[in-house]
Amino acid sequence: MPGSSLWLTPPPSHPLYPILSFLISQRLPSDFPSEAGAADARLTPEFFAPHMTLSSGISPDLYGDDPQRWLDSIPWPSADEVKVRFEGINSQDTYYRRCYAKVKLDEGIKKIAGLARSRGVNGEEDAKGAKTQEWLEWWRKEFGPHVSLMYGDVPISDDGLKEIAKVVEEGGVKLTEPERDVEGNGWNGGVVWLIPTDKDIKDWKPIAKRVL
C-alpha cells in the first residue's frame with residue numbers, strides 16, 4: 001500500500017480491542033484457513049491491529065521528521081462525535097477488503113474520514129473541500145467505512161461469509177443493530193494512528209498516535 005495511512009483504532013481499554021485482535025490473529029485463521037490464505041502458498045494469515053482506515057496514500061513529506069506534531073496539528077473531532085457501529089459483514093475482490101465488518105456511515109464518520117483525507121491527501125482544510133466531497137461520495141459507493149477481518153486475493157462466498165459472521169458474533173462482536181448502543185457493536189471515539197503502510201504488513205507500526 002503506497003504511502004502512509006491514518007487509522008482509527010478502538011480505545012486500548014475497550015473490550016472490542018482484544019476481541020477483534022484475537023479474531024484477526026488467531027480465531028479466523030484457525031477456523032477458516034483457506035479463507036485466511038493459509039491454503040495458498042503465496043499467502044499467510046496476517047496480523048494487523050483492529051482498525052477502521054480513515055485514509056491511505058499520505059506522503060511522508062507531509063509530516064517529515066516530526067509525525068506527532070503533524071498529527072496533533074489536525075483538529076480531530078471529539079470522542080463523542082465519532083461512533084463506530086457495525087452493520088454486517090462483506091467481501092470484495094481487493095486484498096485489503098477480502099473480509100470486513102461494514103461500519104455505518106453517519107455524519108461523525110464522514111467528518112473524521114473527510115478530515116483525514118483533506119489534510120492527508122487533498123491539501124484542503126476539512127471535509128467541506130470540493131476534492132474531499134468528491135472523494136467521500138466515491139468512497140461511499142465503492143466500499144465505505146469498514147473494519148477489516150481478513151486479507152487475501154479471492155473473495156469469500158455468501159455461504160462462507162455466513163459462517164464467518166457466526167464465528168465473529170460468537171466471539172463477542174455484534175454485527176447488527178447499528179442504530180442502537182449494544183455491547184459489542186462498535187466503539188465511541190478511539191485513537192488515530194499514523195502508520196507507514198508502504199512497509200510489509202508485519203512492520204505496520206504507528207509512528208504517531210492521537211487520542212480523540
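The salt bridge (charged side-chain N to carboxylate O under 4.0 Å, His left out) search around Glu137 returns Arg140, Lys141, not counting sequence neighbours.
At least one donor-acceptor pair closer than 3.5 Å links the side chain of Gln92 to the backbone N or O of Glu142. Remark: the backbone N or O of Lys202 is not paired with any side-chain donor or acceptor of Asp200 at under 3.5 angstrom. Judged by distance alone, the side chain of Thr9 and the main-chain N or O of Met52 form no donor-acceptor pair under 3.5 Å. Remark: side-chain polar atoms of Ser118 are not paired, donor with acceptor, to backbone N or O of Thr132 under 3.5 angstrom. In this structure, the side chain of Thr53 does not engage the main chain of Trp7 through any donor-acceptor pair within 3.5 Å. In this structure, Trp76 contributes its side chain and Leu71 its backbone to a donor-acceptor pair below 3.5 Å. Side-chain atoms of Glu87 do not come within 3.5 Å of backbone N or O of Leu175 as any donor-acceptor pair.
No continuous path of ILVMFWY side-chain contacts below 4.5 Å connects Val182 to Tyr17, so the two sit in separate hydrophobic clusters. Put simply, Ile201 and Trp193 are part of the same group of oily side chains (I, L, V, M, F, W, Y) that touch within less than 4.5 Å, one to the next. Linking ILVMFWY side-chain heavy atoms closer than 4.5 Å, directly or via other members, places Trp204 and Phe47 in a single hydrophobic cluster. Both Ile74 and Ile207 are part of a single hydrophobic cluster, where members link through side-chain heavy atoms under 4.5 Å apart.
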Legend entry - Working for side chain to side chain contact (heavy atoms under 4.5 Å, CB included), residues Thr94 and Phe143: CA-CA 10 Å; Thr94 300; Phe143 49 90; over 6 Å; no
Inset, instruction - Please lay out, stage by stage, how Arg98 and Ile156 fare under the test side chain to side chain contact (heavy atoms under 4.5 Å, CB included). - result: CA-CA 7 Å; Arg98 191 181 191 202; Ile156 298 170; 4.1 Å; yes
Inset, instruction - Show your working on side chain to side chain contact (heavy atoms under 4.5 Å, CB included) between Arg69 and Asp72 and close with a plain yes or no. - result: CA-CA 5 Å; Arg69 181 177 180 180; Asp72 288 341; 5.9 Å; no
Legend entry - CA sep, side-chain torsions, deciding dist, call: Leu16, Phe86, side chain to side chain contact (heavy atoms under 4.5 Å, CB included): CA-CA 12 Å; Leu16 275 179; Phe86 301 131; 4.0 Å; yes
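Between the CD1 atom in Ile164 and the CG atom in Leu149 there is a gap of 8.0 Å [rounded to 0.5 Å]. Atoms CH2 and NZ, on Trp187 and Lys83 in that order, are 14.5 Å from each other to the nearest 0.5 Å. Distance check, rounded to the nearest 0.5 Å: CG of Leu6 to CZ of Arg117 gives 10.5 Å. With rounding to the nearest 0.5 Å, the separation of CG in Leu8 from CZ in Arg210 is 12.0 Å. In this structure, the separation between CD1 on Ile89 and NZ on Lys166 is 14.0 Å, given to the nearest 0.5 Å. Here the straight-line distance linking atom NE2 of His146 with atom CG of Leu105 works out to 12.5 Å at 0.5 Å rounding.
For an aromatic pair to be called close, the ring centres must be under 6.0 Å apart, and Tyr151 with Phe48 satisfies this.
Residues Val168 and Leu28 are in side-chain contact: their nearest non-hydrogen atoms beyond the backbone lie under 4.5 Å apart. The shortest distance between side-chain heavy atoms of Asn185 and Thr176 does not fall below 4.5 Å.
Of the candidates Glu81, Arg85, His14, Asn188 forms a side-chain hydrogen bond (donor to acceptor under 3.5 Å, both in side chains) with just one, namely Arg85.
Within a 6.0 Å sphere centred on CG of Asp203, heavy atoms belonging to other residues, nucleotides or ligands number more than 12. At most 12 heavy atoms of other shown residues, nucleotides or ligands fall within 6.0 angstrom of atom CD in Glu183. The neighbour count for Glu134 CD, taken as heavy atoms of other residues, nucleotides or ligands under 6.0 Å away, does not exceed 12.
Relative ring orientation between Trp135 and Trp138 is described as tilted, the plane-to-plane angle lying within the 30° to 60° band.
Scanning all heavy atoms of the two residues, the minimum distance from Tyr96 to Ser148 falls at O-OG, 2.9 Å. Summarising the geometry of Pro10 relative to Leu20, their closest heavy-atom pair is CG-CD1, 4.5 Å, with the distance given to 0.1 Å. Here the closest non-hydrogen pair linking Val121 and Ser55 is CG2-OG, 3.7 Å. Shortest non-hydrogen contact noted between Ala127 and Leu115 is CB-N, 4.2 Å. Among all heavy-atom pairs drawn from Ser5 and Ser56, the shortest one is OG-CB, 3.4 Å. The two residues Pro77 and Val82 have their closest heavy-atom pair at CG-CG2, 3.7 Å.
Of the N and O atoms on the side chains of Tyr63 and Ser4, at least one donor lies less than 3.5 Å from an acceptor on the other residue.
Comment: Glu124 does not engage Arg119 in a salt bridge, judged by the lack of any side-chain N to carboxylate O separation of less than 4.0 angstrom. Ion pairing between a basic and an acidic side chain is recognised when a charged N comes within 4.0 Å of a carboxylate O; Lys110 and Glu107 show such pairing.
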